[in-house]
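Each chain gets a letter, A, B and so on, in the order its sequence line appears, and its residues count up from 1. Owing to the predicted nature of the structure, the values given are computational and were not obtained by experimental measurement.
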Amino acid sequence: MIWQSLSNACVEAVTQLYGQQINTDLIKIQKTNQQFRAEADLTLMVFPLVRYSKQSPEQTATEIGAYLKDQVDYVQNFSVVKGFLNLRIAKSFWISFLKNNFTDQDFALQTPKLNCPPVIVEYSSPNTNKPLHLGHIRNNLLGDSISRILKSTGRNVIQVNLVNDRGIHICKSMLAWQKWGRGETPESSGLKGDKLVGKYYVMFDKHYKEQIEELCEQGVEEEYAAKQAPLIVEAQTMLEQWESGNAEVKNLWNRMNKWVYSGFDVSYRNLGIAFDRTYYESQTYLLGRDVVQDGLQKSVFYKNEDGSVWINLTDEGLDEKLLLRANGTSVYMTQDLGTATTRFNEFHPEKMIYVVGNEQNYHFEVLKKILKKLQYNWADDIRHFSYGMVELPEGKMKSREGTVVDADDLIAEVIETARQTTMELGKLESFDTAEAQNLFRIIGLGGLKYFILKVDPLKNMMFNPKESIDFTGNTGPFIQYTYARIQSLLRKSGKDIMHIEISDAIDIHDEERELLFLCTDFKRILCLAADELSPAHIANYVFELAKQYNQFYQRISVLKEENELLLAFRLALSYFTAGVIKNSMNLLGIEVPHKM
RNA sequence: GGUCCCGUAGCUCAGUGGAUAGAGCAACAGCCUUCUAAGCUGUGGGCCAUUGGUUCGAAUCCAAUCGGGAUCACCA
């Protein structure tokens with residue numbers, strides 16, 4: 001709001017002073033650098049305007065500054081340092097800003113408009129042969145957060161999970177269970193369903209490796225051995241039986257997948273995420289054949305001698321890509337073409353966002369190119385939200401080497417650490433057992449979520465379990481703590497915050513000005529974040545705000561304040577800050593407790 | 001080898017065209033009879049991988065080089 005209005009005033013200034021019509025893009029206004037903050041709030045770069053003023057930067061800045069001071073009521077003063085025009089925004093502006101943004105609905109984010117074209121966000125997309133791990137957590141948290149961000153800008157978001165419940169990997173678990181499971185079930189073993197199935201996947205891999213080794217010792221070449229080992233052949237056969245609808249195989253498949261789903265449900269619930277719709281690949285893997293037909297008709301695809309279908313993307317700098325095997329079965333790309341087309345036809349969405357790791361960058365590049373070649377103009381609305389891998393201090397996670405960090409274990413661990421730390425600090429006097437339990441969950445999860453979301457999704461991130469459950473410094477619990485303190489302050493003040501009178505007749509200190517400034521930034525940051533879908537941006541922003549508040553809070557003794565007017569102002573400011581913190585954290589899917 | 005991503009303090013990360021590059025952690029020195037010390041204050045720590053270019057101005061944009069990662073399957 002202030003940015004917009006000030007930009008317009010600057011354009012007007014150039015028009016009036018130099019008789020030149022300029023584009024708003026040339027107006028670069030930013031927060032004043034820390035060292036000059038004592039005398040100014042906002043800074044205009046005048047370098048780009050020099051060619052219109054035909055004067056020195058200093059001269060130009062001085063003239064524009066004088067114009068703004070004269071013409072814009074909230075520009076109280078200005079100073080010029082080289083080509084930087086520093087502007088002091090009047091306290092009356094800040095006070096009226098606070099006054100006019102003081103009800104609960106002023107903090108409310110927009111609610112989704114249901115009649116608009118939706119945005120589909122697909123994320124999580126687990127395989128059903130093993131439990132969720134740290135990599136899935138990054139995926140899930142990013143997917144959840146960008147969905148929340150999109151919703152907050154009024155978009156109608158459909159959160160979608162496409163479960164990969166079919167294929168050779170599931171058959172491996174099934175086969176191992178058949179061979180060595182002795183009818184073990186989640187009930188009989190006490191194991192969570194997904195853990196149980198994962199156990200047999202690992203067991204398969206172990207025996208399979210042994211068989212390969214044996215064959216190699218007999219002089220068989222390794223590559224060949226990997227294809228000829230009896231176990232893998234059996235698993236292949238099982239997959240074929242599944243595809244031909246063998247009742248026994250399908251029953252076992254159903255049974256074991258159900259175990260996995262009940263396990264996933266628990267993990268998702270613990271993580272605090274949910275989907276509007278869950279698709280299963282067993283129901284969608286045949287999609288895409290009509291797309292192939294369409295492509296053949298349009299001569300975008302071609303048929304090989306053996307009957308397989310391909311597309312040639314060499315003119316786009318990519319390779320040739322298979323779309324249908326000689327036996328008529330589809331591949332990954334075919335399925336994705338199919339689901340994308342189906343979803344488009346069903347929803348006509350504004351955008352389709354896929355939250356998928358960066359190892360699939362190439363796949364999505366190809367997917368979009370193919371859709372474009374088919375002249376489906378909605379191909380541009382597909383967005384691959386790519387994110388980097390999560391690495392451990394010991395190196396990469398490898399499921400086969402047992403170095404994966406299990407999602408459930410990790411969640412339990414952060415909650416346990418939250419419990420211990422909270423107990424040590426002795427903060428639980430006023431909590432009953434259920435409240436305390438909930439608090440540990442909020443803090444532990446907050447720490448985990450913030451730790452992961454604060455990193456730029458594009459980058460690979462280092463996950464050190466010890467640091468992720470630290471509660472001091474740039475962490476989720478620090479921000480939660482700040483929020484809880486504000487709540488406590490408001491509670492103990494005994495004032496009715498909503499009916500508090502804010503007077504114009506007070507001085508605003510630099511700290512307060514700074515806080516108001518950050519809060520003013522909120523909506524602007526939010527718009528930016530929505531375009532770029534950046535949870536990391538919001539995380540770093542809300543930390544900055546919480547830190548500033550703590551510094552302010554430490555210096556100012558609010559409750560002992562003798563001046564009633566100043567007290568009212570500071571309580572209002574606290575209330576306002578708390579609202580912004582709560583909103584920001586909500587966008588990250590992190591809860592904030594009223595007491596800690 | 002081709003393509004894509006990354007390289008900023010000892011460590012984890014912000015900053016992506018503007019002023020003397022910032023946080024947190026770790027280290028050291030202070031602050032709890034006063035509203036929550038999960039906090040606050042201070043100190044030390046940097047050829048922003050390298051080289052060249054673009055311009056009033058580059059950690060930021062472009063090119064090349066060097067490191068690290070991903071990908072280039074009739075796997076998903």
[atom1]-based separation of [M] from [N] [nearest Å]:
| N | M | atom1 | result |
| --- | --- | --- | --- |
| rA26(B) | rA58(B) | C1' | 32 Å |
| rG67(B) | rU8(B) | C1' | 15 Å |
| rG1(B) | rU65(B) | P | 11 Å |

Toward the 5' end of RNA chain B, by each residue's nearest nucleotide, Asn86(A) or Asn474(A)
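It is Asn86(A), whose closest nucleotide lies nearer the 5' terminus.
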Donor-acceptor pair under 3.5 Å: do we get one between [X]'s side chain and the base of [N]?
| X | N | value |
| --- | --- | --- |
| Thr475(A) | rA38(B) | no |
| Thr482(A) | rA38(B) | no |
| Glu359(A) | rU71(B) | no |

Would you tell me if any nitrogen or oxygen in the side chain of [X] comes within less than 4.0 Å of OP1 or OP2 on [N]?
| X | N | value |
| --- | --- | --- |
| Gln34(A) | rG22(B) | no |
| Lys82(A) | rG18(B) | no |
| Lys427(A) | rA38(B) | yes |
| Thr43(A) | rG18(B) | no |

In terms of relative ring orientation, are His363(A) and Tyr332(A) parallel, tilted or perpendicular, with 30° and 60° separating the classes?
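Rings of His363(A) and Tyr332(A): parallel, as their planes differ by under 30°.
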Interatomic distance where [atom1] belongs to [X] and [atom2] belongs to [N] [whole Å]:
| X | N | atom1 | atom2 | answer |
| --- | --- | --- | --- | --- |
| Leu322(A) | rC75(B) | CG | P | 8 Å |
| Gln551(A) | rU36(B) | CD | P | 19 Å |
| Tyr549(A) | rA38(B) | OH | C1' | 16 Å |
| Tyr541(A) | rA23(B) | OH | C1' | 16 Å |

Between Ser7(A) and Thr24(A), a side-chain donor and acceptor under 3.5 Å
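No, no side-chain donor-acceptor pair sits under 3.5 Å.
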Going 5' to 3' through nucleotides 29-35 of chain B, assign each nucleotide B (protein heavy atom under 4.0 Å from a base atom), S (under 4.0 Å only from sugar-phosphate atoms) or - (no protein heavy atom that close).
-----BB
In B/S/- notation, 5' to 3', how is nucleotides 53-59 of chain B contacted by protein heavy atoms closer than 4.0 Å?
---B---
Pairs: protein N or O with nucleotides 1-12 of chain B N or O, under 3.5 Å:
residue	atom	partner	partner atom	Å
rG7(B)	OP1	Lys459(A)	NZ	3.1

Sugar-phosphate only, base, or nothing, as touched by Asp456(A) at under 4.0 Å among non-hydrogen atoms
sugar-phosphate
Give the C-alpha distance, both sets of side-chain angles, the deciding distance and a yes or no for side chain to side chain donor-acceptor pair (under 3.5 Å) between Glu416(A) and Gln420(A).
CA-CA 6 Å; Glu416(A) 172 56 20; Gln420(A) 279 173 16; 2.9 Å; yes
